[in-house]
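For the numbers below, each heavy atom of this structure counts, side chains included, while hydrogens, waters and symmetry mates do not. Index from 1, following the sequence.
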Amino acid sequence: MKRGELYFEQGYVGRIRKIDSGTYEATVRGSDDYAVEIELENDQVIDYFCDCPYDFGPVCKHIVAVLFALRESKEENDEEDEDDENDEYYTEKEFPLQSSKHRESTPL
C-alpha cells in the first residue's frame, strides 16, 4: 500500500478516463507502463484490474496509486461543485492527475 501511495505522490499515475458509469482507467508508470481499470459503486471498489505481473497479494501498487488519484480528484471536484445537484464528479474527458500531496491511507 505504501509503494502505491508513493507512486501517486511522485506523479506516476497518468491520465484517468471515465469509460463507463463508475468505471475508470489509467496508465501508471513503473518499470513499464501498466493499464489499470477500477470499477466503483457508491464510492466503494467493486472490481479492479492491472496488467502488471504482480502475483504476491490481492492488490498491486499500481491499483493503489490510481485509487489515491481517484480520491484526490473526487475531493477536488466535490469542493468545486458543492452546490451542484448532479453528483457526477467526472465527465467523459480525460483528467491529468499528478500530485505531490501526502495523503493518509484511508478508503476512497
Scan the side chains in residues 54-69 for donor-acceptor partners under 3.5 Å anywhere in the protein, sequence neighbours excluded, and list what turns up.
residue: K61; atom: NZ; partner: Y7; partner atom: OH; Å: 3.4

Determine, stepwise, if the pair T23 / I38 fulfils side chain to side chain contact (heavy atoms under 4.5 Å, CB included). CA-CA 6 Å; T23 305; I38 295 177; over 6 Å; no
Apply side chain to side chain contact (heavy atoms under 4.5 Å, CB included) to residues E5 and M1 and explain how you reach the verdict. CA-CA 6 Å; E5 184 177 13; M1 181 109 156; 5.9 Å; no
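Under the side chain to side chain contact (heavy atoms under 4.5 Å, CB included) criterion, D33 pairs with T27, R29, not counting sequence neighbours.
Cluster annotation: F49 is not connected to V28 through the hydrophobic network of ILVMFWY side chains, with a link wherever side-chain heavy atoms come within less than 4.5 Å. Side-chain heavy atoms closer than 4.5 Å link hydrophobic residues (I, L, V, M, F, W, Y) into clusters, and following such links, even through other members, never connects Y34 to L70. Note: the hydrophobic cluster containing L6 does not contain V13 (ILVMFWY, side chain heavy atoms under 4.5 Å, direct or indirect links).
Here D51 contributes atom CG and E37 contributes atom CD; the two are 10.5 Å apart, rounded to the nearest 0.5 Å. The line from CD of E72 to CD of E9 is 10.0 Å long, rounded to the nearest 0.5 Å.
Scanning all heavy atoms of the two residues, the minimum distance from V36 to C50 falls at CG2-SG, 3.8 Å.
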